[in-house]
There are 2 protein chains.
Amino acid sequence: MATKSPVRKRVSSARDARPPAAGAAGRRPSISRDDLIAAALGLVGPNRSISTLSLREIAREAAIAPNSFYRHFRDTDELAIALIDLAGRALRKIIGEARHRASVDRSVIRSSVEAFMEQLGAEEKFLHILLREGNTGSEAFKRAVERELRFFEDELCVDLIRLAKVNNAPIAEPALAAKAITRLVFAMGAAAIDLPREHHAAILEQTVVMLRMIVAGAQRMVAENIQPG
Amino acid sequence: MATKSPVRKRVSSARDARPPAAGAAGRRPSISRDDLIAAALGLVGPNRSISTLSLREIAREAAIAPNSFYRHFRDTDELAIALIDLAGRALRKIIGEARHRASVDRSVIRSSVEAFMEQLGAEEKFLHILLREGNTGSEAFKRAVERELRFFEDELCVDLIRLAKVNNAPIAEPALAAKAITRLVFAMGAAAIDLPREHHAAILEQTVVMLRMIVAGAQRMVAENIQPG
DNA sequence: GCCAATAATATACATCTGTATAGACAAATG
DNA sequence: CATTTGTCTATACAGATGTATATTATTGGC
């Protein structure tokens, strides 16, 4: 079924991009930037990274002529960056949810990881993008993903310090612990995303134990005053 | 300078693939599987993943006609998997040697991670391949990389158990600890790979501390009989 | 020296890519 | 109405890619 798409013709429809009367002259765009982004988003999958999408392919998916693409983006790279931005915002929402639960729930670790893994299923495409494009792809991609990860780390670090005070269980090198946790969660998420969903629960349990190891170790290091070197 | 390679013609040379007299009739191969793998290895770089290499490109690099490629591999995918295999084996050998070189002032953890991070700057790009190809590429690629990671984990796991006995410091869930360490080291490696080399040392130190957290935590968990749930 | 076997090559083709150019279409304005 | 203006589409082209087919080159054995 992946052979020839039925070549739907795009006639000027009611749901055009620019609102019916916008003061500007000229033919109204039949499609918006966001529509193109959505089309690209529909093409990325378990085995397609953004960088492998071709301009023509995206145009086909969006049902426009290849050249019309240039009206909205200079490159496919430019579209990709917009897509990463979008994914980054989605990730922030996920993190926010995780933090919210963490503040309500007692077990920060468990609830955070649960939230993350849940969203893995919901915002699947975005997570795909962040997890994949962070390792492959251009420099811009990687920096965008790094930025989001750092954001995650900072928030987590604050949480760890707060919890250490609350529980009266001081923790060594909270920033490092936060970084370790973040990277590990993402790595486990990347591993999980390729597995059938029924395995996600097991991965979640594994991850939780791993994070407990990190926290327990960080606590022990301050208790025994172990030198990190 | 990346425009037109000088099209070196390949005439049957002394260093042919098959040894001079091998009992078989017919023209001797001018190139071996390994030569092709090496050519591909020379093409992967910071921003080139195996999946983006074209057959013709590899053939060009190896100075053979495109069709000669088929004498050695069915696909570029087949070559890629062989390459992943090679990278995994080479890297495991390097790390394994590092483990045995561990001494009193340079712990197993430290020397292993040192060896690992050294590979970031190494001429051979074995590490690059495993870091990148795990998240991109076809299902087969990912499974190949997963397999290599599992090898790492297994070797590390028996080492952890051995060390626990030697140091009389039992460890909880050694398999999980091994998995956490492996994934974390690879994640940190992936983060470091894009940074200028002078930052590698700092990443190394961070990683060592992180791993100590994991080990210390796993030990503490068995000591206090903490339930993982 | 001739033959069979094997490998490497040359040529060709259909397909896909990004993009240049030119013209058709649809809106707002006069 | 015609004009202007911005967006669309059609066509075309050069380059790259995977691969099918046919040809040439080099070896060992008789």
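Below, chains carry the letters A, B, ... as their sequence lines are ordered, and counting in each starts from 1.
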Worksheet item: To the nearest angstrom, how far is A/E61 atom CD from C/dC16 atom P?
Response: 16 Å
Fill in: Whole angstrom value for the distance that separates P of D/dG18 from CZ of B/R74
16 Å
Discussion item. What is the distance, to the nearest angstrom, from the CZ atom on A/R33 to the C1' atom on D/dT7?
Written reply: 16 Å
Worksheet item: Nearest to the side chain of B/R71, which nucleotide is it out of C/dT17, C/dT9, C/dA7?
Response: C/dA7
Which protein N or O atoms sit under 3.5 Å from an N or O of nucleotides 21-23 of chain D?
unit_1: D/dT21; atom_1: O4; unit_2: B/N67; atom_2: ND2; d: 3.4

Discussion item. Could you work out, with side-chain contact (heavy atoms from CB on, under 4.5 Å) as the rule, every residue matching A/K142, not counting sequence neighbours?
Written reply: A/E139, B/N47, B/R132, B/D194
Worksheet entry | side-chain contact (heavy atoms from CB on, under 4.5 Å) against B/D154, all qualifying residues, sequence neighbours excluded | B/R150
Worksheet item: Whole Å only: how far is the OH atom of A/Y70 from the P atom of C/dT17?
Response: 12 Å
Worksheet item: With the threshold set at 4.0 Å, does a side-chain nitrogen-carboxylate oxygen contact exist between A/E148 and A/R143?
Response: no
What donor-acceptor contacts under 3.5 angstrom involve side-chain atoms of residues 78-90 of chain A, with partners at least two apart or in another chain?
none

Discussion item. On the nucleotide C/dT17, are OP1 or OP2 found under 4.0 Å from the side-chain N or O atoms that A/R60 carries?
Written reply: yes
Discussion item. Going by side-chain hydrogen bond (donor to acceptor under 3.5 Å, both in side chains), name the residues that satisfy it together with A/E123, two or more places apart in sequence or in a different chain.
Written reply: none
Item to complete: Check whether any side-chain nitrogen or oxygen of A/S30 sits under 4.0 Å from OP1 or OP2 of D/dC8, and answer yes or no.
Response: yes
Worksheet item: Going by heavy atoms in the side chains, are A/T207 and A/M117 under 4.5 Å from each other?
Response: yes
Worksheet item: Is the phosphate of C/dA27, meaning OP1 or OP2, less than 4.0 Å from a side-chain N or O of A/R28?
Response: yes
Worksheet item: How many Å lie between CD on B/E57 and P on D/dG18, as a whole number?
Response: 9 Å
Item to complete: Starting from P on C/dC3, measure out to CZ on B/R27 and report it in whole angstrom.
Response: 20 Å
Per-pair distances, 0.1 Å, donor-acceptor, side chain in residues 180-193 of chain B, under 3.5 Å, sequence neighbours excluded:
unit_1: B/T182; atom_1: OG1; unit_2: B/A178; atom_2: O; d: 2.8
unit_1: B/R183; atom_1: NE; unit_2: B/E153; atom_2: OE2; d: 3.1
unit_1: B/R183; atom_1: NH1; unit_2: B/E146; atom_2: OE2; d: 3.0
unit_1: B/R183; atom_1: NH2; unit_2: B/E146; atom_2: OE1; d: 3.3
unit_1: B/R183; atom_1: NH2; unit_2: B/E153; atom_2: OE2; d: 2.9

Item to complete: For B/S49, enumerate each residue passing the side-chain hydrogen bond (donor to acceptor under 3.5 Å, both in side chains) test, keeping only those at least two apart in sequence or located in another chain.
Response: B/S51
Discussion item. By the ring pair (Phe, Tyr, Trp, His ring centres under 6.0 Å) test, which pairs, at least two apart or in different chains, include something from residues 59-98 of chain A?
Written reply: A/F69-A/F73
Discussion item. If you take any heavy atom closer than 4.0 Å to DNA chain C, which residues from residues 48-56 of chain A end up in contact?
Written reply: A/S54, A/L55, A/R56
Item to complete: Nearest whole angstrom, please: distance from the C1' of D/dC8 to the CG of A/D35.
Response: 15 Å
Worksheet item: In whole Å, what is the span from the CG atom of A/D77 to the C1' atom of C/dG18?
Response: 13 Å
